[in-house]
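Here the structure is laid out as structure tokens; the discussion comes afterwards.
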Amino acid sequence: MTFLSGQSVLAVKAGAPNNGRGEDNRGMVKQFRAGSDVYPYVSAQASRRWLRESLPAGEATSPVTRSGQGKKQQAYTKGRPDLYLDDDLFGYMIAVKADETGAKKGESKTFMRDTVLATGTLVAVVPNAPVMDFGTMSRDFGPGTNPVIHEHEMYSADLAGDLLLDLPRVGTFEIGGRTTKSALPPSTAAAVVESGGTEVTLRGVECVRLPLAERRRRVAVLLRTMATVRGGAKQSAHYGDRTPGLVILAPVKGGTNPFTRVVRNRARTTHFDADVLIEEIRAWQDELDGTVRIGWAPGFLGDQRDKARKDLAELIEEGVVLIDHPRTVLGNLAAEIENGDHDAWFDDEPVA
């Protein structure tokens, strides 16, 4: 089995990309305190929404159903990973009462799919307390009229979050197992097979699987979307680039993420530690299933990109490490996967 493991780092400049709970007329960004330090962050829910909303215009997303009132409200997607890429990669949970529309007699009413794309919280590498931006609204107010006052927080920081994509589970939907909830009802699972899917056993669980070409396509779409992601709050006043300034991705057999400590806080600055990367590659070389790809935008972290190329020159020469622009790295990997160059990554010794 192969996972794409790594980390994404983005630069926020005088931004407020993810709001927390406000206080009075103050807009607050999400942040947490560790000792005396304050770390702004973007929640995984927000960053996943950015990805979903950045998908190509022609890529249909799963419609959302909302039901109930007050504290008994529910909201859930269609739960059709065979039809919708976001249901496949981001997961879902549906709990439908027997008398509700969509519930079929004799079938379980609860279906769940654990996420295939695991995403960590994007947290500031270096602590940096947000500042309050003060503003007023006084347009067309008469002379001597007090303006309407409003305030909101903003900050500048490099945010880092881990990534893990479980490739064998892309387009593979669980339908049985003692400890695993079914992702699809039997009628839908049968329709997947009738439409060209296959029945397999993955990690001891009965599944139905989409054709390999569609599974390749979905991963390629995700990778290209990561390179062009956009989104975030307060864009009218604090618009900013949300594409990664740096992304590390490598195929790892066991699903471990060895790269979480490569980008770190050093002397209150964001630092790419090539020594850490070299040691992690050495320690995990038997688990690595291909090149460690580093997408690094020119200008991000100053001259550290050039220094990293020198420090990693031997590994680059050997083809163990590759450094290029994030869009180039993600786009080329997407093309290789789409062309079938890495089909072995999608296998987990399933039993047909």
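Because the structure is a prediction, the values reported are computed rather than measured.
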Which heavy atom of [X] sits nearest to which heavy atom of [Y], and what is that distance?
X	Y	result
D82	R218	O-NH2, 3.0 Å
P56	V221	CD-CG1, 3.8 Å
A160	V125	CB-CG2, 3.8 Å
L163	S8	CD1-CB, 3.9 Å
V229	T243	O-CG2, 3.5 Å
F111	A183	CB-O, 3.8 Å

Please determine whether the number of non-hydrogen atoms from other residues, nucleotides or ligands lying under 6.0 Å from atom [atom1] of [X] exceeds 12.
X	atom1	result
F141	CZ	yes
E318	CD	yes
E214	CD	yes

Are [X] and [Y] close enough for a salt bridge, meaning some N to O gap below 4.0 Å?
X	Y	value
R26	E153	no
D166	R203	yes
D343	R216	yes
E336	R293	yes

Are side-chain heavy atoms of [X] and [Y] found at a separation under 4.5 Å?
X	Y	answer
P251	H342	no
P17	Q235	no
I175	E199	no
V219	W345	no
R266	V126	no
F32	Y41	yes
T260	V262	no
V131	Y155	no

Output the distance between atom [atom1] ([X]) and atom [atom2] ([Y]), rounded to the nearest 0.5 Å.
X	Y	atom1	atom2	answer
N18	M28	CG	CE	13.5 Å
L333	L4	CG	CG	6.0 Å
L117	L51	CG	CG	7.0 Å
L249	L322	CG	CG	11.5 Å
L85	L222	CG	CG	7.0 Å
H271	N265	NE2	CG	10.5 Å

Check against salt bridge (charged side-chain N to carboxylate O under 4.0 Å, His left out), E338 and R224:
CA-CA 11 Å; E338 219 164 25; R224 293 187 179 112; 2.9 Å; yes
For F272 and L246, what are the C-alpha separation, side-chain angles and deciding distance, and is it a side-chain contact (heavy atoms from CB on, under 4.5 Å)?
CA-CA 10 Å; F272 179 92; L246 189 151; 3.9 Å; yes
Hey, are T119 and R48 close enough side-chain-wise for a donor-acceptor pair under 3.5 Å?
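There is such a pair between these side chains.
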Scan side-chain atoms only and decide if T61 and D86 contain a donor-acceptor pair under the 3.5 Å cut-off.
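Short answer, no.
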Given the rule that I, L, V, M, F, W and Y join up when any side-chain heavy atoms are under 4.5 Å apart, are [X] and [Y] in one cluster?
X	Y	answer
I323	V329	no
M154	Y239	no
V42	V123	no
V321	I248	yes
L223	Y84	no

Just do the side-chain contact (heavy atoms from CB on, under 4.5 Å) check on V192 and T198 with the steps written out, would you?
CA-CA 8 Å; V192 171; T198 55; over 6 Å; no
So, does [X] use its side chain to make a donor-acceptor pair with the main chain of [Y] at under 3.5 Å?
X	Y	value
T2	K253	no
S5	L164	no
S62	K78	yes
S54	W50	yes
N128	A157	no
D311	A274	no
T115	L89	yes
N339	A335	yes
W296	F300	yes

Go through the steps to decide whether Y39 and Q31 satisfy the test side-chain contact (heavy atoms from CB on, under 4.5 Å), and finish with yes or no.
CA-CA 5 Å; Y39 292 82; Q31 58 194 278; over 6 Å; no
Would T270 and R264 count as a side-chain hydrogen bond (donor to acceptor under 3.5 Å, both in side chains) here? Give the steps.
CA-CA 6 Å; T270 303; R264 63 183 183 87; over 6 Å; no
Any chance you could lay out the side-chain contact (heavy atoms from CB on, under 4.5 Å) test for T188 and V208, step after step, and finish with the verdict?
CA-CA 10 Å; T188 305; V208 292; over 6 Å; no
Which residue, R113, R169, R215, R217, forms the salt bridge (charged side-chain N to carboxylate O under 4.0 Å, His left out) with D88?
R113
Under the salt bridge (charged side-chain N to carboxylate O under 4.0 Å, His left out) criterion, do K310 and D306 qualify, and how do the steps go?
CA-CA 7 Å; K310 294 177 182 177; D306 293 335; over 6 Å; no
Applying side-chain hydrogen bond (donor to acceptor under 3.5 Å, both in side chains) to T172 and R209, what does each step give before you reach the verdict?
CA-CA 4 Å; T172 305; R209 173 172 279 176; 2.8 Å; yes
